[in-house]
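Structure first, commentary second.
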Protein chains: 2
Amino acid sequence: MQISSRFTIALHILTAIHTFKDKYRVTSEFLSGSVQANPVIIRNILLQLKAAGMVKIPRGRTSESITLLKKPEEISLLSVYSAIEPLESDTLFAFHKNPNPSCPVGKNIHSILDDRLLSVQKAMEDKLKNMKLSDILSDLNQLI
Amino acid sequence: MQISSRFTIALHILTAIHTFKDKYRVTSEFLSGSVQANPVIIRNILLQLKAAGMVKIPRGRTSESITLLKKPEEISLLSVYSAIEPLESDTLFAFHKNPNPSCPVGKNIHSILDDRLLSVQKAMEDKLKNMKLSDILSDLNQLI
DNA sequence: TAAAATGTAACAATTTATATTACAATTAAG
DNA sequence: CTTAATTGTAATATAAATTGTTACATTTTA
């Protein structure tokens with residue numbers, strides 16, 4: 001199974017908030033137009049980013065925009081990933097429930113794999129930690 | 001979303017095939033008893049491992065066991081992962097379809113993220129490549 | 001007070017994962 | 001040659017997760 005598109009949508013959203021901050025008023029409706037996804041999906045992702053302290057979302061009839069609360073170099077892809085992906089007990093790899101406890105393999109396989117697969121997950125997270133929103137923005141500036 | 005339990009079940013299966021090769025006759029029924037999952041699920045995973053050249057599955061009424069076709073040191077966790085996970089065009093991260101092509105962000109975000117997230121995926125795969133079935137077997141031998 | 005926007009709940013649709021049943025095909029034993 | 005044990009495979013059911021939609025209360029400004 002793939003990691004859900006909510007993560008890449010969140011990166012799209014953050015990129016758009018910064019890119020258009022001086023040109024347009026950025027609302028969930030505006031962002032929904034760029035992503036081409038339902039506004040409610042955008043709002044829910046925005047709420048998760050807000051809970052992680054990354055964005056400010058003005059309420060009511062305002063002329064303000066949704067804005068970043070951190071500098072792009074301070075927003076790592078890992079922090080976005082963690083804000084968005086509600087992994088069951090933070091583990092990337094799923095296990096079959098109830099392996100046979102009276103089998104020496106069934107009894108021990110879970111804890112053995114847990115340690116090893118956690119280190120795999122950590123390798124991925126380290127890579128995400130070293131990538132920043134600013135990297136994506138500079139990639140984008142090369143293209144537009 | 002998590003990576004499906006089929007991967008960890010496959011590791012359980014391979015571990016059991018090797019661990020019990022001299023003590024029991026290893027069949028899909030036997031493995032199903034250790035994993036405590038339906039025999040058909042075990043057989044389907046076994047067929048994927050067979051397609052990857054990792055196991056030999058005797059047919060019919062035989063006294064043979066299901067056996068490994070490679071040494072445990074030659075079976076990397078990456079090869080198991082690749083045999084089992086049918087990732088859409090081999091990409092771990094999913095994207096929202098149809099971002100707005102008339103928006104500079106919508107138009108370019110996919111290709112930018114593609115490159116960067118592929119390198120994240122590669123970091124994970126490198127880690128999996130350096131772990132072997134033999135590592136899991138020696139972890140297990142410490143415990144039994 | 002009305003209009004514009006967000007926050008949130010409820011629900012529908014779609015897709016994926018997991019489990020189950022059934023049976024044809026293969027092989028060995030009697 | 002027939003029976004029994006086992007795998008291969010299809011069809012279907014169940015459950016869970018993802019994505020999309022509608023509706024409306026809440027907040028704020030004009």
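Chain identifiers are assigned alphabetically (A, B, ...) following the order of the sequence lines, protein sequences preceding nucleic acid strands; residue numbering begins at 1 within each chain.
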Inset, instruction - Round to a whole Å and report the spacing from CD1 of A/I66 to C1' of D/dT27. - result: 15 Å
Inset, instruction - Determine, using the 4.5 Å side-chain heavy-atom cutoff (strictly less than), whether A/L69 and A/I75 are members of one ILVMFWY cluster. - result: no
Legend entry - Closest contact, heavy atoms only, B/S34 versus A/G106: OG-N, 3.9 Å
Inset, instruction - Would you sort out whether B/T91 and B/Q121 count as a side chain to side chain donor-acceptor pair (under 3.5 Å), showing the intermediate values? - result: CA-CA 8 Å; B/T91 56; B/Q121 182 178 343; 5.7 Å; no
Legend entry - B/S65 to B/Y24 - nearest heavy-atom pair and separation: OG-O, 3.7 Å
Inset, instruction - Spell out protein contact along nucleotides 22-30 of chain C as letters: B when the base is contacted, S when just the sugar-phosphate is, - when no protein heavy atom is under 4.0 Å; keep the 5' to 3' order. - result: B--BBBB--
Inset, instruction - Calculate the interatomic distance between B/I42 atom CD1 and C/dT18 atom P; express it in whole Å. - result: 12 Å
Inset, instruction - May I ask you to decide if the ring planes of B/F7 and A/F93 are parallel, tilted or perpendicular, using 30° and 60° as cut-offs? - result: tilted
Inset, instruction - Using a 4.0 Å heavy-atom cut-off across all strands, classify B/L46 as base, sugar-phosphate, or nothing. - result: nothing
Legend entry - Nearest-Å distance for atom pair NE2/P, residues A/H96 and C/dA17: 16 Å
Inset, instruction - Measure from CG on A/N38 to P on D/dA23 and round the result to the nearest Å. - result: 12 Å
Inset, instruction - Specify the separation, in whole Å, of atom CD1 of B/I9 and atom P of C/dT18. - result: 7 Å
Inset, instruction - Check whether any side-chain N or O of A/Q48 sits under 3.5 Å from a backbone N or O of A/I84 as a donor-acceptor pair, and report yes or no. - result: yes
Inset, instruction - Let me know, please, whether B/V26 or A/P39 comes out on the 5' side of the other along DNA chain D by nearest nucleotide. - result: B/V26
Inset, instruction - Using the salt bridge (Lys or Arg N to Asp or Glu O under 4.0 Å) rule, pick out the option among B/R59, B/R25, B/K56, B/K21 that qualifies with B/E64. - result: B/K56
Legend entry - Spacing between B/R25 atom CZ and D/dA4 atom P, to the nearest angstrom: 17 Å
Legend entry - Integer-rounded Å distance: C/dA13 P and A/I41 CD1: 15 Å
Legend entry - d(CZ, B/F7; C1', C/dT18) in whole Å: 18 Å
Inset, instruction - For D/dG8, take OP1 and OP2 only and decide whether either is under 4.0 Å from a side-chain N or O of B/K50. - result: yes
Inset, instruction - Starting from the 5' end of DNA chain D, give me the residue, B/T27 or A/A37, whose nearest nucleotide shows up first. - result: B/T27
Inset, instruction - Please check the phosphate of D/dT7 (OP1 and OP2 only) for any side-chain N or O of B/S28 closer than 4.0 Å. - result: yes
Inset, instruction - Would you please confirm or rule out a distance under 4.0 Å between OP1 or OP2 of D/dA17 and any side-chain N or O of A/S4? - result: no
